Amino acid sequence: MTIQKKPAAEPLLAWYDRHHRDLPWRISPAMAKRGVKPDPYHIWLSEVMLQQTTVAAVKAYFAKFVGQWPTVADLAAAPSEDVMVAWAGLGYYARARNLKKCAEAVAFEHGGRFPETEEGLKSLPGIGDYTSAAVAAIAFNRNAAVMDGNVERVISRLYAIDAPLPGSKPAMKARVAAMTPDDRPGDFAQAMMDLGATICTPKRPACALCPFNDVCMALESDDPERFPVKAAKKEKPVRLGAAFIAVDTDGHLLLRRRPESGLLGGMTEVPTTAWTSRVDGETGVEAAPFAAGWQACGTVTHVFTHFELRLGVYRAQVSRGDVGAVHGFWAPVTNLDGEALPTAMKKAIAAAIPTAFSTPKG
DNA sequence: CATTCGTGGGA
DNA sequence: TTCCCAAGAAT
């Protein structure tokens, strides 16, 4: 039995300096050398967007938000509606609602500055264990143990942790805390995440290129892909429903706002039946917002995190004066990009009005 | 502690 | 095609 050498921060930081990734919210080593500090607003915004979301998907949204709202004060002053429209398509819409609340708290209760401690940050809406540590470390150079999915994978492999997630999380966080250096804690956190994203990947990790390949117990065990061990996941149920695309004689589409909480909370939708109320083979037309010449336009499928949705889509040309009072509002079909439409709704609208969006999802 | 929250891209 | 899942938080 060989003595396991202890993983240390220095080799990782050296690797990080050689493989810096140029991301819009990140300060390059050259800039850092000149004393440029990261903008806490940028770090916070990017970290919230990056929650369960890929770097590739975040880049365009980050640019849009910073362009539209250059400071946290600007975001705090923005109409919530505008924030939801800007966030549409990125998913997990509670993040957008909490983003706005957090900006307001920072602007109006903290004098426009983010708290610099984990504890202070974590008290804000939408900031939990991960984001509070990440912002404290990256934006404020605080020694905080930053653990996301990447770090979990790296740590579970370094120490060949057999206990399944999420139960093993506290033990893994203790390992991270022990490794985090007082010098450059933010760079260490980003280095761990970069390592997980580019080298210590879920499948086929590039162990030959890893700065930890001399101390990794998973590599020594010859099956690094086995880690991290996770609890088995359950299957996704299917929910059925029907969506109704009503267009008036002036080319306006009937939309309505979803409740503020829950699935797609605060986002815009077309009228639909309750999801699961429709049995396959039924039209669902009896649940239309009003009687009209509803024509079937096929079915769209959208996969959410915990269920699959199949919506039968129906279209009708209506005269607004004939349908009476409806629960909702009418928006020009030519300006749907100005609405907070989640992807599932864009799919349904596109099935009925193929020209509504430049791409299927807008 | 388990569940509820989107989406799109890559293997 | 199907599966996996990506810089998680709130309840």
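Here is the naming used below: chain letters follow the sequence lines, and residue numbers restart at 1 for every chain. Values in this document were obtained by computation on a predicted structure and should not be read as measured data. Values reported hereafter were calculated over all heavy atoms of this structure, with side chains retained and with hydrogens, waters and symmetry mates removed.
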Please tabulate, one pair per line, each protein N/O and nucleotide N/O from nucleotides 2-6 of chain C that are separated by under 3.5 Å, including the distance.
unit_1 : atom_1 : unit_2  : atom_2 : d
C:dA6  : N3     : A:Gln52 : O      : 3.4

Mind listing the N/O atom pairs, protein and nucleotides 1-4 of chain B, below 3.5 Å?
unit_1 : atom_1 : unit_2   : atom_2 : d
B:dT3  : OP1    : A:Lys234 : NZ     : 3.4

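Under the 4.0 Å criterion applied to side-chain N and carboxylate O atoms, A:Glu308 and A:Lys236 are not assigned as salt-bridge partners. In summary, A:Arg256 and A:Glu269 engage in a salt bridge, as defined by a charged side-chain N under 4.0 Å from a carboxylate O. Salt-bridge check for A:Asp148 with A:Arg153: failed, with every basic side-chain N at 4.0 Å or more from each acidic carboxylate O. Salt bridge absent: A:Lys100 and A:Glu81 never bring a charged side-chain N and a carboxylate O closer than 4.0 Å.
Nucleotide C:dT11 holds its P atom 14 Å from the CD atom of A:Glu260, rounded to whole Å. Following rounding to the nearest Å, A:Leu165 (CG) and C:dG8 (P) show an atom-to-atom distance of 13 Å. For the pair A:Arg97 CZ and B:dC5 C1', the interatomic distance rounds to 9 Å; values are reported in whole Å. Distance NZ (A:Lys59) to P (B:dG9): 13 Å, rounded to an integer number of Å. Distance CG (A:Leu309) to P (B:dT7): 11 Å, rounded to an integer number of Å. Remark: P of B:dG6 and CG of A:Leu264 are 5 Å apart, rounded to the nearest angstrom. The interatomic distance linking A:Tyr93 (OH) with C:dG8 (P) rounds to 17 Å, in whole Å. Residue A:Lys347 contributes atom NZ, which lies 8 Å from atom P of B:dT7 at whole-angstrom precision.
A distance of 6.0 Å or more separates the ring centres of A:His252 and A:Phe329.
At a threshold of 4.0 angstrom between heavy atoms, the contacts of A:Val48 with the nucleic acid are absent. In this structure, A:Ser46 reaches neither bases nor backbone, as no heavy-atom distance under 4.0 Å exists between it and the strands shown. As judged by a 4.0 angstrom heavy-atom cut-off over every strand, A:Ile127 is placed among residues touching the sugar-phosphate backbone only.
Counted within 6.0 Å of CG on A:Asn335, heavy atoms from surrounding residues, nucleotides or ligands total more than 12; the atom is thus considered enclosed. Summarising the local packing, NZ of A:Lys169 is surrounded by 12 or fewer heavy atoms from other residues, nucleotides or ligands at distances under 6.0 Å.
A distance of about 16 Å separates the C1' atoms of C:dT1 and B:dG8, rounded to the whole Å. Taking atom P on both B:dG6 and C:dC3, the two are 22 Å apart, rounded to the nearest angstrom.
Cation-pi geometry between A:Arg239 and A:Phe307 is met: under 6.0 angstrom from the ring centre, within 45 degrees of the axis.
A ring pair (Phe, Tyr, Trp, His ring centres under 6.0 Å) with A:His42 holds for exactly one of A:Phe62, A:Trp25, A:Phe114, A:Trp69; it is A:Phe62.
Map A:Asn98 and A:Arg26 each onto its nearest nucleotide of DNA chain C; the residue landing nearer the 5' end is A:Arg26. For the pair A:Gly91 and A:Arg204, both in contact range of DNA chain B, the more 5′-proximal nearest nucleotide belongs to A:Gly91.
A heavy-atom distance below 4.5 Å is not found between the side chains of A:Val106 and A:Trp44.
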